[in-house]
Each structure stands twice: as structure tokens, then as C-alpha cells.
Amino acid sequence: MKAAQPYTPLSEIPADLVSVTDYARRAPEHMPRAIYEYIAGGGADELTLRGNREALDRWQILPRVLADVTEGGTQTELLGQHLRHPIVLAPVAFHRLVHPEAEVATARAASALETVMAVSTLATESIEEIASHLSQPAWFQLYMQQDRDFTLSLVRRAEQAGYACLMITVDASLHGIRNRAQRAGFELPEGVEAVNLRDRPPLPRAVLDPDQSIVFQGMMSEAPTWDSIQWLCERTKLPVILKGILHPADAIKAKELGVAGLVISNHGGRTLDCIPSAVDMLPKIREQVGPEMVLLADGAVERGTDVFKLIALGADAVMVGRPQIYSLAVAGAPGVAHMLRILREELEVCMAMAGTPRLSDIGPQALIRV
Ligand SMILES: Cc1cc2nc3c(=O)[nH]c(=O)nc-3n(C[C@H](O)[C@H](O)[C@H](O)COP(=O)(O)O)c2cc1C
């Protein structure tokens with residue numbers, strides 16, 4: 001294992017950093033190349049990664065002029081929680097890869113901008129420490145562990161630390177084929193660790209016959225199933241959201257299980273390649289699950305207009321993954337706060353200029369597909 005590289009976040013935000021994409025452009029200067037490739041990259045040929053951007057770009061906003069927008073605002077309510085804007089920080093592993101204050105810096109930014117932070121199971125700060133820097137309850141992203149007691153212990157810690165929701169990620173039981181990160185020789189540097197998994201019991205080594213598959217009988221033999229979700233739902237009072245749903249039939253199944261919400265997501269194009277974007281599946285899933293179920297969506301959100309489009313297509317809120325880690329690398333907590341402010345202000349500008357002053361005004365009528 002190599003030692004962690006020196007970090008070089010900026011002490012001041014330069015005046016020419018004015019968009020989320022500016023942060024993405026500057027990010028490679030603030031981290032070693034292998035780390036950048038791990039963060040920026042996607043699965044296999046990155047068709048899904050590119051598809052996320054292309055899917056958003058296929059939609060345009062059809063503005064209505066001369067509307068009275070003076071009562072406008074981006075506030076919303078999700079799972080009983082007040083949100084200043086429908087933009088949530090997606091769970092992202094290993095913030096310490098890019099900044100010494102790691103998830104604590106991100107939490108400070110989330111508090112400053114009244115933004116919900118979804119904290120990854122693979123965080124590099126403890127569940128409790130991150131919560132102590134947040135002005136409003138975070139959500140805990142859970143990767144279900146092979147050992148059920150250990151999984152439950154993570155859930156109990158999140159409950160006791162005041163987290164408001166369990167977001168169970170269901171699309172990453174296996175690592176994607178991460179060729180870009182592999183080519184760059186990415187490995188976790190010394191000192192970067194999933195600290196909340198320290199007490200995880202050692203995994204029993206599967207002994208496979210020569211005719212057995214390392215995937216099916218090996219890595220997937222203990223992967224969670226619908227039964228595991230039901231088991232967990234019965235053991236927590238927190239609302240459960242499933243992250244990584246794309247198929248409308250899975251959305252229906254989750255609803256039948258009593259799951260409170262879904263994140264329509266392809267994991268930022270990082271898991272299976274050649275799968276659709278949230279943009280393409282969201283309308284169908286909204287139609288199937290009805291207006292009440294909480295739906296979030298993510299993938300390539302980097303403009304207020306992207307937030308607007310996903311809301312118009314059926315999302316209640318959106319999540320941003322790479323933008324938070326790029327802005328953290330470039331300028332630490334102030335960078336993440338700045339990135340969130342840019343997105344919120346761009347969303348406000350878009351809503352005002354489209355003639356849809358409240359989130360509830362934004363619907364399919366505000367878009368055309370090109
Ligand atoms: C570096 C990196 C690490 C991630 N780690 C996690 C994780 O620990 N848990 C999870 O559910 N999703 C994880 N994701 C996926 C994000 O939550 C989110 O779905 C995705 O980044 C959204 O796409 P975007 O990066 O284009 O905004 C990660 C994404 C990136 C880029």
C-alpha cells in the first residue's frame with residue numbers, strides 16, 4: 001500500500017470558478033492521477049457514464065414567459081424532513097482520498113447550505129463524528145454486510161446518532177468492471193479506510209469446486225436479496241430507501257414491501273455498463289408507483305437545469321456524487337458549500353425563467369424531448 005499523497009486544496013475560491021463543471025475541470029490538479037481515475041471513471045467502456053449526460057441533454061426546457069414568480073422557492077418536504085432545496089449529497093465512499101478533513105468537511109458544507117447528506121457505509125470518518133457536524137439529520141447509506149448482526153449494529157449506530165433514513169444500496173453487490181481505475185493502478189492509500197467497518201467479523205473464505213463460479217457461488221453467495229430487505233425493514237423504525245433501482249417491476253416490488261422511497265440510479269455509471277440512465281427510467285417508474293412514493297434520481301447532475309429536468313420527469317429530489325468530491329478536493333468545505341450554492345441558484349434562475357416558481361409547478365409540460 002502506498003502512503004497517502006499530499007493534499008493541495010485551495011485556500012480561497014478563485015473568481016473564475018463559477019460552475020459545477022469548473023470544479024470538475026480543476027479536480028485533476030488536486031489529487032493524484034490514480035485517485036482521479038477511480039472517482040471520474042465508470043464501468044467497462046463507460047457507455048453508461050456517458051449515457052447519463054447524453055440522456056439529460058436530450059431534454060430541453062420549454063419556458064413560459066410573463067408568469068408571476070414572486071412567491072417562488074425551492075423548499076420541499078421529504079420523509080417528514082424540511083429541505084431548503086431538492087438537492088441531496090449522494091453517498092460517496094472515502095472522502096479522505098481527496099481531503100484530510102474528509103466527510104467532516106462535507107458535513108460542514110451540508111450544514112451551511114441546509115442540505116441533506118447521505119453518508120456512505122464506506123465513509124472515512126465515523127458515523128457519529130459526521131452526525132455531530134450536521135445541523136440537520138443525515139441519511140445513512142447501507143451496504144448490507146454478510147454478517148447480519150454486524151449489519152444491524154451499523155443500523156443501530158445510525159439510529160442512535162440521529163440519522164433520519166436508511167438508504168440501502170442494491171445495485172453494487174459486486175464491483176463493476178472498473179477498467180479505468182485498474183489501468184491507473186488505483187488502490188486505497190495508507191490511512192484511507194472504511195472506519196465504520198473496522199469491527200466487521202472476518203469473512204469466511206468460500207472454498208469452491210473447480211466447476212463452481214467465482215461470481216455465482218463465490219462473491220454472490222451471500223449477496224442481499226429481497227428477503228434481506230424485508231428482514232431489515234422489520235428491524236428498523238427508520239424509513240428505508242432503496243438506491244439503484246432502474247426496473248419498474250423492482251420499483252413495484254419495493255413499494256409492496258413498504259419501502260418509503262427509491263433512488264433511480266445507475267450508480268454514476270460505475271457498476272454494470274450498458275444500462276439505462278435515471279432520466280430514461282424515471283417517468284415510467286413514477287407512473288407505476290404513483291405520486292406519493294418518494295423518488296430521487298442521480299447521474300451527471302451538474303447544472304440547475306439538470307435538477308429541473310429530473311424533477312419534471314418525476315423526481316422529488318436529486319443527488320450529486322462526483323461534484324461533491326471534486327469541490328471537496330479543490331477547495332474543501334467552502335468548495336462543497338459553493339458548489340451547492342451554485343446548483344441552488346441555477347435551479348432558482350431556471351424555475352423563474354421557465355415560469356414554474358414552485359417545485360410543484362414543474363412537470364412534463366415544462367420539457368420537450370429533442
Ligand atoms: C467515487 C465515488 C464513490 C461512490 N461511493 C458510493 C457509495 O459508497 N455508496 C453508494 O451507494 N454510492 C456510491 N457512489 C455512487 C453515488 O452515490 C451516485 O449514485 C453517483 O455518483 C451519481 O452520479 P454522479 O457522480 O454523476 O453525480 C459513489 C460514486 C463515486 C463517484
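For ligands, and for the atoms within them, numbers begin at 1 and follow the listed sequence. For reference, positions follow the sequence shown, starting with 1.
Nearest protein heavy-atom contact of atom 19 (O) of ligand 1 is D298 OD2, 2.6 Å. Protein heavy atom at the shortest distance from atom 1 (C) of ligand 1 is R270 NH2, 3.6 Å. Residue, atom and distance of the protein heavy atom nearest to atom 13 (C) of ligand 1 are P91 O, 3.0 Å. The closest protein non-hydrogen atom to atom 5 (N) of ligand 1 is A93 N, 3.0 Å. When only non-hydrogen protein atoms are considered, atom 12 (N) of ligand 1 lies nearest to K243 NZ, 3.0 Å. Atom 21 (O) of ligand 1 has G321 CA, 3.5 Å as its closest protein atom, hydrogens excluded (heavy atom only). In terms of protein heavy atoms, atom 23 (O) of ligand 1 is closest to G268 CA, 3.4 Å. Of the protein's heavy atoms, S120 OG, 2.7 Å lies nearest to atom 8 (O) of ligand 1.
Side chains of T115 and H85: a donor-acceptor N/O pair is present below 3.5 angstrom, by distance only. There is a side-chain donor-acceptor pair under 3.5 Å between T236 and E159. Between T124 and E193, the side chains place no donor N or O within less than 3.5 Å of an acceptor N or O (distance only, hydrogens not considered). At a cut-off of 3.5 Å, with distance as the only test, no side-chain donor of T271 or D171 sits close to an acceptor on the other residue.
Contact check for L197 versus L154: side-chain heavy atoms found under the 4.5 Å cut-off. Two residues are said to be in side-chain contact when any heavy atoms from C-beta on lie closer than 4.5 Å; R84 and R344 meet this criterion.
A heavy-atom separation below 4.0 Å is not found between I325 and ligand 1. Using a 4.0 angstrom heavy-atom cutoff, Y143 counts as in contact with ligand 1. Heavy atoms of V92 come nearer than 4.0 angstrom to ligand 1 in at least one pair.
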- request: List the steps and the verdict of side-chain contact (heavy atoms from CB on, under 4.5 Å) for K309 and Q60.
  value: CA-CA 8 Å; K309 289 176 188 179; Q60 289 182 345; 5.7 Å; no
task: Could you check V20 against R303 for side-chain contact (heavy atoms from CB on, under 4.5 Å), going step by step and ending with a plain yes or no?
output: CA-CA 7 Å; V20 175; R303 284 284 181 188; over 6 Å; no
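Residue nearest to atom 31 (C) of ligand 1, selected from E302, H267, M319, R322: R322 (by heavy-atom distance).
Interface atoms of ligand 1 facing T169, defined by a heavy-atom separation under 4.0 Å, are 10 (C), 11 (O). Every atom of ligand 1 with a heavy atom of Q141 under 4.0 Å away is listed here by number and element: 7 (C), 8 (O), 9 (N), 10 (C), 11 (O). Distances below 4.0 Å separate heavy atoms of S265 from the following atoms of ligand 1: 19 (O). Close approach of ligand 1 to G299 is summarised as follows: ligand atoms under 4.0 Å from at least one heavy atom of the residue are 22 (C), 23 (O), 26 (O).
Here the side chain of D273 pairs a donor or acceptor atom with the backbone of L47 at under 3.5 angstrom.
H30 has its ring centre no less than 6.0 Å from the ring centre of Y36.
The cationic atom of R270 (NZ for Lys, CZ for Arg) lies less than 6.0 Å from the six-membered ring centre of Y38 and within 45° of the ring axis.
The shortest N or O to N or O distance between A300 and ligand 1 is under 3.5 Å.
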